[in-house]
Amino acid sequence: MTCVRTVGVIGSGQLARMMAEAATPLGLRVRLLAEAADGSAAQVVPLTEVGDYTDQETVTSFAAQCDAITFDHEHVPTAILRALEDAGVAVRPGPDALVHAQDKAAMRERLTALGIPAPNWRVTRTPEEFIAFGDEIGWPVIAKTSRGGYDGKGVWKVAGPEQVAEPFAALGRALGPTDRVDAGVEPADAPEVVILAEEFVPFSRELSVLVVRRQGGESVVYPISETVQRDGICHETTTPAPGLDPAQAADIQAFATRIADELAVVGVLAVELMQRASGEVVVNELAMRPHNTGHWSIEGAVTSQFENHLRAVADLPLGSTAPRAPVAVMSNVLGGANPDLVGSLPVVLADPSLRVHLYGKAVKPGRKVGHVTVLGDEVAATQDAARRASAHLEGTDHE
Ligand code: ADP
């Protein structure tokens, strides 16, 4: 077996940046295929090449310089990844697993076949099919483009038949980078994009669980996080999820691990869940890369999600996911009124319990530009400290 020394990361956002940070102590070299020279990760990774990840030749020549390939995002076209695999490149996670994070219809089909709890759902190709589903199960209904959505874009709450036109109108525009026809993917091979209709789940909270799996099947699972999303964007996580019954937590961790096994995921699998008032949980969606809801693990766990992701990609033994404190709260810093994040550090860092991560990105409204993490003994005080710091960095407490 070849030893992985150089990991190629496709994409140059903050996830790649934090992967690079985790690679350093292991002595792993990171090569980056970046969209732009000033990307969050490109700023800190010397072996950066700027290129188009939807171009087969670019990706193939990049991969030739790496021992294994992984991702900062899920948008690399399946056809390109299959060609890499056929050429003997270690693509982790591989295209057959990754499709379940790229295509929500494929994900629903597979998880339902595995008996994993899901909201009632149906693939619809016309407004009439969508309306028939809504009339059957009751309105409102959630509409999602099966591909190309992120951070709540491509998700609609449809109150009734009169609102069905909007998601279907978006279908024509919804071809995300995954599906670009100019990616060398012939139109006939381009994956079909449909509208996934889902029962509206009046959840009481959202949860997330991260599994990390190696090729041979070894896996580890992190404690479950409670996550707060606003407008489809993650704002905060609290780990472990307060008040979650330990038996149910173990059950959720077990089925998340089963999903990772069944889909043969290599690296991080994030399973996003919705919890009903009754306590019952259903799976919302899957991601196969380090995930925003696992950022707490940098300080909060013995081994961070980024390090464990790299260990899995390099096929190394996985590290302990044990928590380092009774509670870890991560609060995202979104672009707001404050343009100068580094300039705010003197005030924010006055709280010595706080860890700050800034991503080197230009501040734009609503954009994820950093996060803060606080470890503590008690939920409310720890959440307070994290919220205060991120509000200050965002500038929402300046007004
Ligand atoms: P994205 O891929 O953009 O993250 P998601 O499928 O995760 O989209 O949906 C974004 C958010 O929409 C979720 O975090 C949740 O708050 C809400 N949502 C998604 N599906 C449902 C559903 N079936 N019922 C109620 N809310 C939902």
Side-chain angles (χ1 to χ4, degrees), residues 13 15 71-75 98-112 116-124 130 133-134 136-160 163-164 166-167 170-171 173-179 193-210 224-238 241 256 259 268-278 280-295 332 334 366-368:
L15 302 178
F71 312 98
D72 166 87
H73 57 69
E74 288 144 349
H75 301 313
L98 199 60
V99 72
H100 301 96
Q102 294 174 322
D103 185 325
K104 289 176 180 171
M107 177 273 292
R108 283 279 176 245
E109 258 159 47
R110 188 68 192 275
L111 294 195
T112 301
I116 304 291
N120 202 336
W121 63 274
R122 186 175 296 164
V123 164
T124 66
F130 191 95
F133 178 75
E136 235 172 274
I137 67 145
W139 301 88
V141 173
I142 296 287
K144 299 180 178 181
T145 53
S146 57
R147 283 177 171 262
Y150 66 98
D151 280 353
K153 294 181 182 68
V155 177
W156 297 263
K157 184 175 171 184
V158 180
Q163 291 180 3
V164 174
E166 199 187 332
L171 251 196
R173 304 190 300 268
L175 290 176
T178 321
D179 310 303
V193 185
V194 297
I195 292 290
L196 177 66
E198 282 185 9
E199 161 199 359
F200 172 73
V201 180
F203 57 80
S204 54
R205 63 173 172 175
E206 294 185 75
L207 303 171
S208 165
V209 59
L210 267 61
I224 294 165
S225 303
E226 176 176 323
T227 79
V228 178
Q229 322 273 326
R230 277 179 227 133
D231 302 324
I233 297 180
C234 174
H235 276 251
E236 183 179 290
T237 69
T238 302
I259 296 172
V268 170
L269 168 73
V271 182
E272 296 179 24
L273 304 144
M274 298 179 277
Q275 185 172 40
R276 299 180 196 265
S278 64
E280 183 205 358
V281 296
V282 291
V283 170
N284 174 29
E285 70 162 344
L286 306 180
M288 289 180 203
R289 49 172 169 72
H291 195 248
N292 198 164
T293 62
H295 291 357
N332 269 346
L334 302 181
R367 188 182 203 195
K368 290 175 183 172

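Since this is a predicted model, take the numbers as computed values, not measurements. Indexing begins at 1, ligand by ligand and atom by atom, following the structure's order.
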Atom 8 (O) of ligand 1: the protein heavy-atom neighbour that sits closest, reported with distance to 0.1 Å
Lys104 NZ, 3.2 Å
Tell me if a side-chain donor or acceptor on Thr238 pairs with a main-chain N or O of Glu226 at a distance below 3.5 Å.
no
Can you give me the closest heavy-atom contact between Trp121 and Leu196, atom names plus distance?
CE3-CD1, 3.7 Å
Among all the protein's non-hydrogen atoms, which is closest to atom 24 (N) of ligand 1, and how far away is it?
Val201 N, 2.8 Å
Quick one: side chain to side chain contact (heavy atoms under 4.5 Å, CB included) partners of Glu136, sequence neighbours excluded?
Arg122
By number and element, which atoms of ligand 1 are closer than 4.0 Å to a non-hydrogen atom of Glu199?
22 (C), 23 (N), 24 (N)
Just to confirm my output: which protein heavy-atom neighbour is closest to atom 12 (O) of ligand 1, and how far is it?
Val155 CG1, 4.0 Å
Show which atoms of ligand 1 fall inside a sub-4.0 Å distance from at least one heavy-atom site of Glu272.
7 (O)
Tell me, which protein residue and heavy-atom name are nearest atom 1 (P) of ligand 1, and how many Å apart are they?
Glu285 OE2, 3.4 Å
Any salt bridge between Lys104 and Glu198, counting N to O under 4.0 Å?
no
If you scan protein heavy atoms around atom 6 (O) of ligand 1, the nearest is Lys144 NZ, 2.9 Å
Please verify whether a non-hydrogen atom of Trp121 lies at under 4.0 Å from ligand 1.
no
When rounded to the nearest 0.5 angstrom, what is the spacing between CG in Leu98 and CG in Leu286?
11.0 Å
Could you tell me the separation between the OG atom of Ser208 and the CD atom of Gln229, rounded to the nearest 0.5 Å?
8.5 Å
Looking at atom 22 (C) of ligand 1, what's its closest protein heavy atom, distance included?
Ile142 CG1, 3.5 Å
Look up atom NE2 in His73 and atom CE in Met288, then write down how far apart they are to the nearest 0.5 Å.
16.0 Å
Specify the protein heavy atom at minimum distance from atom 16 (O) of ligand 1: its residue, its atom name, and the distance to 0.1 Å.
Glu206 OE2, 2.8 Å
Out of all atoms in ligand 1, which are within 4.0 Å of some heavy atom of Gln229? Include the element for each.
14 (O)
Any idea which protein heavy atom is nearest atom 27 (C) of ligand 1, and the distance to it?
Met274 SD, 3.7 Å
Given 3.5 Å as the limit, does a donor-acceptor pair link the side chain of Asn332 with the main chain of Cys234, or not?
yes
